[in-house]
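Note sheet for the following structure.
Not measured: the values here are computed from a predicted model.
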Amino acid sequence: MSEASNGVRVIAIANQKGGVGKTTTAINLAAALAEMGNRILVIDLDPQGNAGTGMGVDARSLDYTIYDVLMKDIPIEDAIEPTAVKNLFACASTIDLAGAEIELVSTFSRELRLRKALQPVLEDYDFVFIDCPPSLGLLTINALCAATEIMVPIQCEYYALEGLSQLFRNVKLVQNSLNASLDISTVVLTMYDARTKLAEQVVEDVRNFYGDKVCKNVIPRAVRISEAPSFGQPITVFDPHSRGAIAYRELAKEVMNVA
């Protein structure tokens, strides 16, 4: 697995299908890793801005967001905010970012703006998570160019594998022309409901398809995980002893050992 020069792992959380648990995984995995003593930065590249909100950061009250970093060359350190969780930092987004998709088209070295912006702060962190939007436009391409690896959340539901071949094709294109060291390192199964035959079938299909890239720990479908973001807290803070919190802590241990 590739790492940035100082050993920091920059992980893009990507799947162009919406509602698969990208943001939920970004927040909760980041918080679980921070709890273990790692310094973590979460960059919200989704114009919906849910990652920032889910960590208790109000993007509307900030001077700068990731939009200003990408489009106005504001240093990224000016857009990074501490969260209530020790060792966990956020670079939030607002709906302004939706315009960046179009504005980037005419920008010089448009695919590499996030990678360049990140360079000065990489040594401050052990992990950087980039929460990608549910599309394969220029924002996601920026994430894939800045990342050392990709994590793909897949929900244990019908059509789970739909669209993934397109993601893999795009990853190949980025590897060939922009970021040779990029690698799909982990596939995370989310929203697992042990009571359904379908969930079991999806787990089996995904494991057959992606082999040892698939994390052993699956994330359950759980009400507490869904409730936590509305309180601006990761599940590890909102309900530290819940099934969801335990699952994300186990996943964090597994991600730490992926090498």
Side-chain angles (χ1 to χ4, degrees), residues 1 9 11-36 38 40 42 46 50-51 54-55 85 88 127 129-132 134 147 149-165 167-168 171 183-230 233-259:
M1 173 181 303
R9 287 170 61 186
I11 303 177
I13 301 184
N15 184 337
Q16 76 267 31
K17 208 166 177 305
V20 298
K22 284 188 293 289
T23 302
T24 305
T25 296
I27 296 168
N28 294 320
L29 179 56
L33 284 162
E35 200 178 67
M36 291 159 70
N38 298 284
I40 312 289
V42 176
D46 189 339
N50 293 338
M55 291 184 286
V85 176
L88 180 60
F127 289 86
F129 288 100
I130 307 171
D131 186 26
C132 296
E149 53 186 289
I150 304 170
M151 172 178 284
V152 183
I154 297 179
Q155 90 281 36
C156 299
E157 289 176 3
Y158 201 53
Y159 293 138
L161 296 169
E162 191 183 40
L164 284 180
S165 56
L167 174 66
F168 278 69
V171 170
D183 176 37
I184 292 182
S185 63
T186 39
V187 173
V188 178
L189 290 155
T190 62
M191 305 180 200
Y192 177 72
D193 184 347
R195 296 167 304 183
T196 69
K197 199 98 192 87
L198 177 63
E200 269 178 61
Q201 190 58 57
V202 171
V203 170
E204 198 179 314
D205 289 349
V206 173
R207 291 203 193 283
N208 288 339
F209 208 73
Y210 298 111
D212 57 5
K213 288 187 189 294
V214 185
C215 293
K216 289 185 180 63
N217 292 286
V218 296
I219 304 302
R221 179 180 283 289
V223 175
R224 301 299 274 169
I225 293 179
S226 314
E227 288 174 342
S230 57
Q233 293 178 331
I235 187 65
T236 49
V237 176
F238 179 64
D239 192 349
H241 304 296
S242 64
R243 280 189 316 143
I246 292 162
Y248 274 109
R249 285 195 194 97
E250 289 304 314
L251 181 66
K253 287 181 203 157
E254 206 174 336
V255 168
M256 285 280 288
N257 293 326
V258 169

Please report the interatomic distance [atom1]([X]) to [atom2]([Y]), rounded to the nearest 0.5 Å.
{"X": "Glu149", "Y": "Ser185", "atom1": "CD", "atom2": "OG", "result": "3.5 Å"}
{"X": "Lys213", "Y": "Met151", "atom1": "NZ", "atom2": "CE", "result": "12.0 Å"}
{"X": "Cys156", "Y": "Gln201", "atom1": "SG", "atom2": "CD", "result": "11.5 Å"}
{"X": "Leu189", "Y": "Asn217", "atom1": "CG", "atom2": "CG", "result": "10.5 Å"}
{"X": "Ile246", "Y": "Asp239", "atom1": "CD1", "atom2": "CG", "result": "9.0 Å"}
{"X": "Gln155", "Y": "Asn15", "atom1": "CD", "atom2": "CG", "result": "7.5 Å"}

Measure the shortest side-chain to side-chain distance between [X] and [Y] over non-hydrogen atoms and say whether it is less than 4.5 angstrom.
{"X": "Met256", "Y": "Leu33", "result": "yes"}
{"X": "Ile225", "Y": "Ile219", "result": "yes"}
{"X": "Val206", "Y": "Leu161", "result": "yes"}

Candidate pair Ile27 and Val42, rule side-chain contact (heavy atoms from CB on, under 4.5 Å), full reasoning = CA-CA 7 Å; Ile27 296 168; Val42 176; 5.7 Å; no
Do other residues, nucleotides or ligands put more than 12 heavy atoms under 6.0 Å from the CG atom of Asn208?
-> yes
More than 12 heavy atoms of other residues, nucleotides or ligands under 6.0 Å from CZ of Phe209: is that the case?
-> no
Specify the closest pair of heavy atoms between [X] and [Y], including all atoms of both residues, with the distance to one decimal.
{"X": "Ile235", "Y": "Ala245", "value": "CG1-N, 3.7 Å"}
{"X": "Ala252", "Y": "Leu29", "value": "CA-CD1, 3.5 Å"}
{"X": "Leu167", "Y": "Ala14", "value": "CD2-O, 3.8 Å"}
{"X": "Leu164", "Y": "Ala160", "value": "CD1-O, 4.1 Å"}
{"X": "Pro153", "Y": "Ile13", "value": "CG-CG2, 3.6 Å"}

May I ask you to decide if [Y]'s main-chain N or O and [X]'s side chain share a donor-acceptor pair within less than 3.5 Å?
{"X": "Arg249", "Y": "Met36", "result": "no"}
{"X": "Thr190", "Y": "Val20", "result": "yes"}
{"X": "Lys22", "Y": "Lys17", "result": "yes"}
{"X": "Glu254", "Y": "Lys216", "result": "yes"}

Matching residue for Tyr248 among Thr25, Thr24, Thr236 - test: side chain to side chain donor-acceptor pair (under 3.5 Å) = Thr25
Going by the side chain to side chain donor-acceptor pair (under 3.5 Å) test, name the single residue among Asp131, Asn50, Asn28 that passes it with Thr23.
-> Asp131
When you check the gap from the basic side-chain N to the acidic O, do Arg207 and Glu204 get nearer than 4.0 Å?
-> no
